[in-house]
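The structure under discussion appears below in the form of structure tokens.
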Amino acid sequence: MITTKQLHPLFVGEVSGVDLRGPLDPAMVEAIVHASDRYAVLVFRDQDLTDEQQVAFSTRLGPLETTIRKLRPGHELRLDQHVSDISNLDHQGNVLEREDRRRMYSLGDRLWHTDSSFKALPAKYSLLSARAIPSSGGQTQFADLRAAYDALPDAMKAQLEGLVAEHSIIYSRSTIGFTDFADEERAGLPPVPQKLVRTHPGSRRKTLYLASHAMAIRGMPVPEARLLLRDLLEHATQPEFVYTHTWRLGDLVMWDDRCTMHRARDFDPAERRDMHRTTVSDVASTLEQS
Ligand SMILES: [Fe+2]
């Protein structure tokens, strides 16, 4: 059976005793889900996975998302459409030019976010596998949104109850000056509503559901909403709620997008960083979940 070592006082566990290349019996998958419900971020070391093995394990956790990069007219995918290409490489494996549109787009991942909150059916889990890492930098930071919710004053909790935010990746990219979206992409990515507070199904704990993609709150003037969202983001990313993951080759980190945020950190753009992500879809829009 697996054992889990705590890497952060609030969340994040390092799991040992499992080879994710499989095959895994149902009890093992259940144990991993159970650990995830407790920790929200799980670190698996020394998992030398192929994309096929990563897809096979991820599929055991639910149906997989397909990448939105295929919305880009003429964009050639480097990887299978079920594997998000979180790299700074072109389809021939060369490091992208500093000004490359794909690199500019990817810089949006350095804003605090939760994956796919801009989709009506958002992400449940993300699984990120380190295939090439820079000599320094390029860490991923995670924030514990259940603990952040717990720490809010009661009056704020009452104020947030029932609020619905609108999430858009076009908005979040625009906040760092990236606006290069084709009409087809814009049409395919309208803002979507998501609850601002939700109950995490596996732990029954309440959690903020927050991301830089959140651009408005229904029924609230926009400047007021954006200030509230900024305050919440600032609250949730205080050092006590944040874990910084320094990648080792072969790491696979699995996180629960329903109750965490994450962001990537800077690294030398001349160095290779190749990360492959599989993403498990949630079961319904947050508006349809109790
Ligand atoms: Fe992400």
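Note that these values count all heavy atoms, side chains included, but never hydrogens, waters or copies made by symmetry. For ligands, and for the atoms within them, numbers begin at 1 and follow the listed sequence.
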List the residues meeting side-chain hydrogen bond (donor to acceptor under 3.5 Å, both in side chains) with [X], not counting sequence neighbours, and say none if there are none.
X      : result
Ser168 : none
Asp282 : Arg198, Gln289
Asp266 : Arg110

Salt bridge check: are Asp109 and Arg173 linked by an N-O gap of less than 4.0 Å?
-> yes
The residue among Ser116, Ser126, Ser117 that forms side-chain hydrogen bond (donor to acceptor under 3.5 Å, both in side chains) with Asp257 is Ser126
Using a cut-off of 2.8 Å, find all protein N, O or S atoms closer to the Fe ion (ligand 1) than that distance.
-> His113 NE2, Asp115 OD1, His262 NE2
Would you please indicate if the ring centroids of Phe142 and His8 are separated by under 6.0 Å?
-> no
